[in-house]
Amino acid sequence: MAGERLLTTQKAIAEAIAQEMERDDRVFVMGEDIGAYGGIFGATDGLLAKFGPERIMDTPISEMGFIGAAVGAATEGMRPIAELMFVDFFGAAMDQIYNHMAKIHYMSGGRVKVPMVLMTAIGGSYSDAAQHSQSLYALFAHTPGIKIVIPSSPYDAKGLMIQAIRDDSPVMYFFHKGVLGLGWMTPNPRATGVVPEEPYTIPFGQADVKREGSDLTILTVALMVHRSLDAAEQLAEEGINAEVIDLRTLVPLDRETIVNSVKKTHRVVVVDEDYKSFGMSGELAAIVAEDALDYLDAPPKRLAVPDVPIPYSRPLEQYVIPTVDRIVAAARELVSG
Amino acid sequence: MGLSKETLLNLYDTMVKIRTFEERVGEMYYEGKLPAFDIAAGPIPGEMHLYSGQEAVATGVCANLQPDDPVTSTHRAHGHLIAKGEDLKKMMAEIFGKETGLSHGKGGHMHLFDPNLHFGCGGIVGGGIPQAVGAALAIKKRGEDRVAVSFFGDGAANIGAFHESLNLASIWRLPVVFVVEDNLYAISVPKSASTAVRSNAERGAAYGIPAVQVDGQDVLAVYEAAKEAIDRARRGEGPSLIEAVCYRFRGHFEGDPELYLAKGEKDKWKERDPINILGSQLKAQGLLTDAEAEAIQAKMTDLVAEAEAFARESPYPAPEEALEHLFA
């Protein structure tokens with residue numbers, strides 16, 4: 001039945017890229033192992049066979065070089081997609097991302113456009129330890145000039161990727177390894193969902209209320225959306241109705257949906273897989289304080305990685321990355337306190 | 001080489017134009033900053049890196065380029081942009097931080113952009129090199145005969161971006177020319193203390209890229225080497241590397257005490273002023289008289305004066321324009 005086709009998030013991303021490449025011959029992809037391998041996380045699965053090595057370009061391990069080349073190709077009117085295999089590898093390319101990709105449009109007084117997508121994998125919970133498990137979206141949301149996109153579902157992954165490719169500004173597209181539906185990751189039923197076959201876009205800056213509730217608001221992104229929804233189901237059994245909001249994009253941020261929800265529920269918990277200090281959870285708490293302080297029945301709560309690197313050993317990792325149990329506990333405490 | 005009189009005089013004109021612009025900027029830079037130097041004061045605030053002494057490199061390379069050939073440059077970019085054909089008024093206004101500048105005052109002296117001339121530069125050493133590779137990639141994908149050029153200094157040849165870029169350009173056989181302006185120093189550190197090879201041209205071999213060292217004070221030598229490299233790129237035969245050995249007549253930036261220079265070193269280099277070298281050759285060949293040289297100088301002085309007047313008279317941007325142009 002049309003519109004009822006099921007896809008994993010990974011396949012939805014690859015389909016979005018393929019459809020845009022068919023539509024617009026300026027779009028091409030560069031990255032490590034994105035050709036014959038199809039991308040370590042499958043974001044370019046099947047694209048080499050379809051488009052050939054001129055448009056699906058395996059690069060050497062030269063992140064500064066090829067991300068900088070994507071910037072240069074974008075300023076010359078192409079619409080490159082570069083894949084940074086793990087966001088943790090950003091250090092090798094940070095100058096091109098932070099000082100060039102993000103700033104050229106502004107420094108040129110709006111005269112030079114940099115229409116590119118930098119896609120990258122985030123997230124842990126599979127014992128890949130400190131240098132392959134970080135989330136780090138806040139690091140890039142902090143610098144002006146980059147749009148920050150973090151899908152949590154197959155449907156959003158496709159629509160947000162097409163939107164990202166068509167955007168005339170640089171976009172960083174973060175896919176969480178745990179939401180992709182990869183056969184070699186912990187099974188996740190929410191990583192498969194209905195995805196229309198035809199191309200469609202989802203505007204940036206529109207949060208998605210994944211579940212309506214009246215007792216508290218949970219603000220989150222990526223895999224933590226799934227865990228928050230699981231937590232909300234448990235909380236419902238206890239008679240606590242949690243509203244779960246998937247922010248979907250941090251830049252631009254849907255401030256209105258956040259504030260309206262908190263005004264309704266009077267309580268908020270931020271669930272964040274990134275580091276706690278100076279990041280997304282602090283920013284959202286500040287926004288709530290600025291715009292809805294008088295509506296709060298309790299101080300905002302923050303669940304985030306407690307300012308340590310991501311450890312390897314399973315019990316250690318589970319201690320630092322928010323779990324369903326801890327989300328439930330935080331919500332319970334917030335409502336009863 | 002048999003260059004036409006017109007081409008030779010254009011090279012001379014361009015070098016004089018750059019020198020005149022730079023020397024005037026150098027004078028104006030100190031307005032309002034003295035006696036106790038205040039970098040934030042005066043009509044031209046901030047750092048200032050001038051190109052005086054290196055004119056032959058930008059001029060000899062850019063004389064082989066078309067307006068739509070992409071160029072990436074450095075913190076010392078005025079010469080490249082003038083040689084590419086920029087309107088001095090818009091450039092000067094940008095340096096003054098005025099609304100009428102190339103970037104409406106958002107970029108300033110180190111961040112000059114002009115999409116019409118496919119020109120960009122920046123203040124991060126080596127930052128433009130991968131972008132020239134990307135521009136060349138775009139050119140190759142479209143099957144065009146344009147060529148991208150990246151100018152950078154000997155200091156940048158030690159940053160990873162240089163090495164990654166040469167490798168990428170070579171494996172993808174891209175139409176890009178890398179031009180190392182070896183002015184002997186990375187700020188104050190001499191090349192002998194920073195660079196493992198005697199000449200950066202030797203590094204081309206590591207990436208299978210044809211490379212040559214030229215006398216960067218001799219615009220005809222630069223022109224010839226650049227022509228060969230640029231023609232090769234336009235023919236689809238891949239990247240080249242040129243090392244042009246040159247010298248900064250005004251140090252790294254304005255206010256540089258130049259304590260690192262050997263006694264008499266700069267004076268010796270000034271005897272090889274690129275403008276005088278070409279001027280003497282033209283005069284010896286009967287292509288330029290003293291009177292004509294004076295007329296060229298007078299014309300460039302007028303052009304720079306017009307640019308200065310335009311910049312001084314132009315309004316500053318409204319403060320709240322700082323919030324514009326973040327996203328396209």
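The sequence lines fix the lettering, A, B, ..., with proteins before strands; numbering per chain opens at 1. Owing to the predicted nature of the structure, the values given are computational and were not obtained by experimental measurement.
- Proximity to chain B (any heavy atom under 4.5 Å) is shown, for A/Val171, by neither the backbone nor the side chain.
- Here B/Gly127 is the residue among B/Gly101, B/Gly127, B/Ala132, B/Pro70 with the most heavy-atom pairs under 4.5 Å with chain A.
- With rounding to the nearest 0.5 angstrom, the OG1 atom of A/Thr44 is 6.0 Å from the CD1 atom of A/Ile56.
- Taking A/Pro60, A/Gly110, A/Ser169, A/Ala93 one by one and counting their heavy-atom pairs under 4.5 Å with chain B, the maximum is reached by A/Ser169.
- Considering only heavy-atom pairs separated by less than 4.5 Å from chain B, the leading option among A/Lys113, A/His100, A/Lys147 is A/His100.
- Considering only heavy-atom pairs separated by less than 4.5 Å from chain A, the leading option among B/His111, B/Glu324, B/Arg142 is B/Arg142.
- If you measure heavy-atom distances from A/Lys103 to chain B, you find no contacts under 4.5 Å at all.
- B/Ile139 does not touch chain A: none of its heavy atoms, backbone or side chain, sits under 4.5 Å away.
- For A/Thr75, no part sits under 4.5 Å from any heavy atom of chain B, backbone or side chain.
- Between chain B and the residues A/Glu54, A/Met64, A/Arg55, A/Arg26, the most heavy-atom pairs under 4.5 angstrom are made by A/Met64.
- Your options are A/Gly77, A/Ala73, A/Ala102, and the one with the most heavy-atom pairs under 4.5 Å with chain B is A/Ala73.
- Of the two parts of B/Leu137, only the side chain, counted from C-beta on, holds a non-hydrogen atom closer than 4.5 Å to a non-hydrogen atom of chain A.
- With chain B as partner, the option from A/Val112, A/Ile67, A/Asp25 having the largest number of non-hydrogen pairs under 4.5 angstrom is A/Val112.
- Closest approach of B/Lys140 and B/Trp172 over heavy atoms only: NZ-O, 2.9 Å.
- For the pairing with B/Asp69, the salt bridge (Lys or Arg N to Asp or Glu O under 4.0 Å) check across B/Arg234, B/Arg146, B/Lys84 returns one residue only, B/Arg234.
- Summarising the geometry of A/Gly145 relative to A/Pro170, their closest heavy-atom pair is O-CG, 3.4 Å, with the distance given to 0.1 Å.
- Salt bridge absent: B/Lys90 and B/Glu86 never bring a charged side-chain N and a carboxylate O closer than 4.0 Å.
- With respect to chain A, the highest number of heavy-atom pairs below 4.5 Å among B/Pro115, B/Ala138, B/Gly107 belongs to B/Pro115.
- Among the candidates A/Val114, A/Asp168, A/Asp95, A/Asp167, the residue making the largest number of heavy-atom pairs closer than 4.5 Å to chain B is A/Asp95.
- Remark: A/Tyr200 OH is packed, more than 12 non-hydrogen atoms of other residues, nucleotides or ligands lying under 6.0 Å away.
- Chain A forms the most heavy-atom pairs under 4.5 Å with one residue out of B/Leu168, B/Leu112, B/Val133, and that residue is B/Leu168.
- Contacts of B/Asp114 with chain A are made by both backbone and side-chain atoms, with heavy-atom separations under 4.5 Å.
- At least one side-chain heavy atom of A/Phe51 sits under 4.5 Å from a side-chain heavy atom of A/Met21.
- For B/Leu326, the parts sitting under 4.5 Å from any heavy atom of chain A are the backbone and the side chain alike.
- Using bins of under 30°, 30° to 60° and over 60° for the plane-to-plane angle, the ring pair B/His325/B/His104 lands in the parallel bin.
- Ring geometry for B/His75 versus B/His252: interplanar angle of 30 to 60°, hence tilted.
- Looking at B/Lys141, only its side chain comes within 4.5 Å of chain A, counting heavy atoms on both sides.
- With contacts defined as side-chain heavy-atom distances shorter than 4.5 Å, the pair A/Glu63/A/Leu84 qualifies.
- Contacts of B/Ala135 with chain A are made by both backbone and side-chain atoms, with heavy-atom separations under 4.5 Å.
- In this pair, A/Phe41 and A/Phe86 present their aromatic rings perpendicular. The plane angle is above 60°, beyond the 30 to 60° band.
- Heavy-atom minimum distance, A/Ser152 versus A/Ala222: CB-O, 3.5 Å.
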